[in-house]
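In what follows, residues are counted from 1 in the order of the sequence shown.
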Amino acid sequence: METPAHPGSSGSPHPRALLLLPGGLALLAGLAAAFGLLGLPLRGVPQRWEEVHGVLMVLTFVGTVIALERAVALRAPAGYAAPALLGLGGILLLVPPVPIRAGQAAVLAGTLALIGVYSRLWRRAGSLPLLVEMLGAVCAVTAAALWLTGAAVPFLAPWLVGFLVLTILGERLELAAVGLSRPSTRLSSPRTR
């Protein structure tokens with residue numbers, strides 16, 4: 001007799017998990033480019049990957065993962081535009097025949113879509129952690145917009161770092177709020193005899 005399978009245990013990934021693939025590709029390409037930046041270039045890695053390394057790692061790898069996490073929290077199909085656009089931007093940045101500007105435009109659209117996701121989450125239940133994360137997303141939009149208008153990647157560093165730091169800070173504040181809302185468990189001291 002066959003036993004019923006658990007939902008999602010059919011062996012095939014959930015369709016939204018496919019949105020992680022471009023982020024994973026951006027991570028691998030960014031790591032390959034890092035060798036070149038360290039003076040240890042790998043054979044077959046285009047020079048272009050080194051040129052887009054910072055944005056690739058921060059906005060198309062981390063950004064895709066964060067955007068997917070937030071889209072899942074939003075529970076609305078429109079939320080998946082942000083990780084899809086950021087992932088697409090990463091792929092476009094990696095393919096040499098495609099103009100870098102196309103990748104830059106997709107990354108900017110993805111960061112703007114992420115702001116849209118945060119705005120909808122804010123309307124649902126605004127909080128300090130969410131506000132901090134939204135400020136991080138504003139940093140991401142600023143970095144993407146500056147890059148599209150011609151700013152060199154080193155000038156984007158404060159905005160890219162702002163996105164990472166504020167996003168991590170917001171998530172830590174969320175975790176702290178969850179921890180504080182749980183009933184505290186008392187540590188009982190060992191009984192003395």
Leu148 backbone acceptor or donor facing Arg101 side chain under 3.5 Å: yes

Give me the atom names and distance for the closest heavy-atom approach of Pro46 to Gly44. CD-O, 3.3 Å

So which atom in Val62 and which in Val58 form the shortest heavy-atom distance, rounded to 0.1 Å? CB-O, 3.2 Å

Restricting to side chain to side chain donor-acceptor pair (under 3.5 Å), what partner residues turn up for Arg70, sequence neighbours left out? Glu133, Glu174

Under the criterion side chain to side chain contact (heavy atoms under 4.5 Å, CB included), I'd like the reasoning laid out for Val107 against Leu93: C-alpha separation, chi angles, the key distance, then a yes or no. CA-CA 9 Å; Val107 169; Leu93 290 173; 4.2 Å; yes

May I ask whether Leu28 and Val65 are part of the same hydrophobic cluster, defined by side-chain heavy atoms of I, L, V, M, F, W, Y residues being less than 4.5 angstrom apart, directly or through others? no

Any chance you could lay out the side chain to side chain contact (heavy atoms under 4.5 Å, CB included) test for Leu169 and Leu173, step after step, and finish with the verdict? CA-CA 6 Å; Leu169 177 60; Leu173 289 170; 4.2 Å; yes

Separation between CG of Leu59 and CG of Leu86, rounded to the nearest 0.5 Å: 7.0 Å

Please give me the minimum heavy-atom distance between Ala125 and Leu130, naming the atom from each residue. O-CD2, 3.9 Å

Determine whether Val45 and Leu40 fall in the same hydrophobic cluster, where Ile, Leu, Val, Met, Phe, Trp and Tyr are linked whenever their side-chain heavy atoms lie under 4.5 Å apart. yes

Would you say Leu94 and Ile91 make side-chain contact, with heavy atoms under 4.5 Å? no

For Gly30 versus His53, what's the shortest heavy-atom pair and its separation? O-CD2, 3.1 Å

What distance separates Leu114 CG from Met134 CE, expressed to the nearest 0.5 Å? 9.5 Å

How long is the gap from CG on Leu156 to SG on Cys139, to the nearest 0.5 Å? 12.0 Å

Donor-acceptor contact present, side-chain Thr149 to main-chain Leu146, <3.5 Å: yes

Atom CH2 of residue position Trp49 - does it have more than 12 heavy atoms of other residues, nucleotides or ligands inside 6.0 Å? yes

Taking Trp147 for the side chain and Val153 for the main chain, is one N or O donor matched with an acceptor at less than 3.5 Å? no

Give me the atom names and distance for the closest heavy-atom approach of Ala113 to Ala81. CB-C, 4.3 Å

With heavy-atom distances below 4.5 Å as the criterion, would you say the side chains of Leu74 and Arg124 are in contact? yes

Distance in Å, Ile100 CD1 paired with Leu92 CG, rounded so as to fall on 0.5 Å steps: 11.0 Å

Assess whether side chain to side chain contact (heavy atoms under 4.5 Å, CB included) is satisfied between Ile66 and Glu171, documenting all intermediate values. CA-CA 10 Å; Ile66 295 299; Glu171 290 190 349; 3.6 Å; yes

Is Arg120 atom CZ crowded by more than 12 heavy atoms from other residues, nucleotides or ligands, each under 6.0 Å away? no

Taking all atoms of both residues into account, what is the closest heavy-atom pair of Ala82 and Val117, and its distance? CB-CG2, 4.4 Å

Same hydrophobic cluster for Leu19 and Val72, using side-chain heavy-atom links shorter than 4.5 Å among ILVMFWY? yes

Can you find a heavy atom in the side chain of Phe163 that is under 4.5 Å from one in the side chain of Thr142? no

Do Val52 and Leu37 share a hydrophobic cluster, counting only Ile, Leu, Val, Met, Phe, Trp and Tyr and linking them when any side-chain heavy atoms are less than 4.5 Å apart? no

Less than 4.5 Å apart, side chain to side chain, heavy atoms only: is that true for Leu25 and Phe61? no

Would you say Leu121 ends up clustered with Leu131 if hydrophobic residues are merged whenever their side chains have heavy atoms under 4.5 Å apart, either directly or through other cluster members? yes

